[in-house]
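Keep in mind that what you see is a predicted model, and the values were worked out from it rather than measured. Numbers for residues simply follow the sequence, beginning at 1.
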Amino acid sequence: MEEQVEMVGRAFVDHYYHLFDNDRAALSSLYQPTSMLTFEGQKIVGVDDISSKLHQLPFDQSKHLISTIDSQPSSSSGGIMVFVSGSLQLPGEEHQLRFSQMFHLIPTPQGSFFVQNDIFRLNYG
């Protein structure tokens, strides 16, 4: 069970950041109307508003470099908590930005997962 949770968490993280860096608009497929995003303290609810926020970020290109992925089962219904730390490289920026992000994944009847909760913070200092 634990190995499967780790495997799903890692596969999700690889998929999420690949989409973010290469086809950000496609991230909307990972959220649903009940999904919630807290981005640097700003609370956003629903797939449309989350997609809007991600699309309006002040950079078009990015490269995420993942340092750690920690995953845990969240309930008997098959949910998974995923905590990610890493660095974000933006074009023209000399220094990478460190970040942390937490996802709560919920299984779908089709056998995949969607993001119910997403919390993102840059790490300063």
Student: Linking Ile, Leu, Val, Met, Phe, Trp and Tyr by side-chain heavy atoms under 4.5 Å, what else ends up with Ile119?
Tutor: Met81, Phe83, Met102

Student: Under a 4.5 Å side-chain heavy-atom rule over Ile, Leu, Val, Met, Phe, Trp and Tyr, are Leu54 and Phe120 clustered together?
Tutor: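 The answer is yes; both residues are in one hydrophobic cluster.
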
Student: Could you walk me through whether Phe12 and Ile80 pass the side chain to side chain contact (heavy atoms under 4.5 Å, CB included) check?
Tutor: CA-CA 10 Å; Phe12 170 79; Ile80 299 175; over 6 Å; no

Student: Among Arg98, Glu40, Gln101, which residue meets the side chain to side chain contact (heavy atoms under 4.5 Å, CB included) test with Arg121?
Tutor: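 Among Arg98, Glu40, Gln101, the one that satisfies the side chain to side chain contact (heavy atoms under 4.5 Å, CB included) with Arg121 is Glu40.
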
Student: Which atom pairs, donor and acceptor, lie under 3.5 Å between side-chain atoms of residues 30-39 and protein residues at least two apart or in another chain?
Tutor:
| from | atom 1 | to | atom 2 | distance (Å) |
| --- | --- | --- | --- | --- |
| Tyr31 | OH | Tyr16 | OH | 3.4 |
| Tyr31 | OH | Asp118 | OD2 | 2.6 |
| Thr34 | OG1 | Gln116 | OE1 | 3.1 |
| Ser35 | OG | Gln32 | N | 2.8 |
| Ser35 | OG | Gln32 | O | 3.1 |
| Ser35 | OG | Val115 | O | 2.5 |

Student: Which atom pair, heavy atoms only, marks the closest approach of His104 to Ser74?
Tutor: NE2-OG, 3.0 Å

Student: Rounded to the nearest 0.5 Å, what separation is found between the CG atom of Asp14 and the CD1 atom of Ile66?
Tutor: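 That separation rounds to 8.0 Å.
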
Student: How close do Ile69 and Val13 get, heavy atom to heavy atom, and via which atoms?
Tutor: CD1-CG1, 3.7 Å

Student: Test of understanding: with side chain to side chain contact (heavy atoms under 4.5 Å, CB included), list the residues that count as partners of Phe59, not counting sequence neighbours.
Tutor: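 Result, side chain to side chain contact (heavy atoms under 4.5 Å, CB included) vs Phe59: Phe20, Arg24, Leu57, Ser62, Leu88, Leu90.
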
Student: Where is the tightest heavy-atom contact between Asn123 and Ser100, given as atom of each residue plus distance?
Tutor: ND2-OG, 2.9 Å

Student: Using ring-ring contact (aromatic ring centres under 6.0 Å, His included) as the criterion, list what pairs up with Phe113, not counting sequence neighbours.
Tutor: none

Student: What heavy-atom pair brings Gln96 and Ser87 nearest, and what distance separates the two atoms?
Tutor: OE1-CB, 3.2 Å

Student: Excluding sequence neighbours, so at least two apart, what forms side chain to side chain contact (heavy atoms under 4.5 Å, CB included) with Ser51?
Tutor: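 With neighbours one apart ignored, the set is Ser28, Val47.
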
Student: So, taking the atom named CG in Asn22 and the one named NZ in Lys63, what distance separates them when rounded to the nearest 0.5 Å?
Tutor: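 The distance works out to 8.5 Å.
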
Student: Looking only at heavy atoms, which two atoms of Gln89 and Glu93 are closest? And how far apart?
Tutor: NE2-O, 2.7 Å

Student: Please tell me whether Leu122 and Tyr17 are part of a single hydrophobic cluster in this structure, the criterion being side-chain heavy atoms less than 4.5 Å apart.
Tutor: yes

Student: Can you sort out the partners of Ala26 under side chain to side chain contact (heavy atoms under 4.5 Å, CB included), two or more places apart, ordered by chain and number?
Tutor: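 Result, side chain to side chain contact (heavy atoms under 4.5 Å, CB included) vs Ala26: Leu19, Asp23.
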
Student: Judged by modelled atom types alone, do Ser85 and Thr68 share a side-chain donor-acceptor pair under 3.5 Å?
Tutor: yes

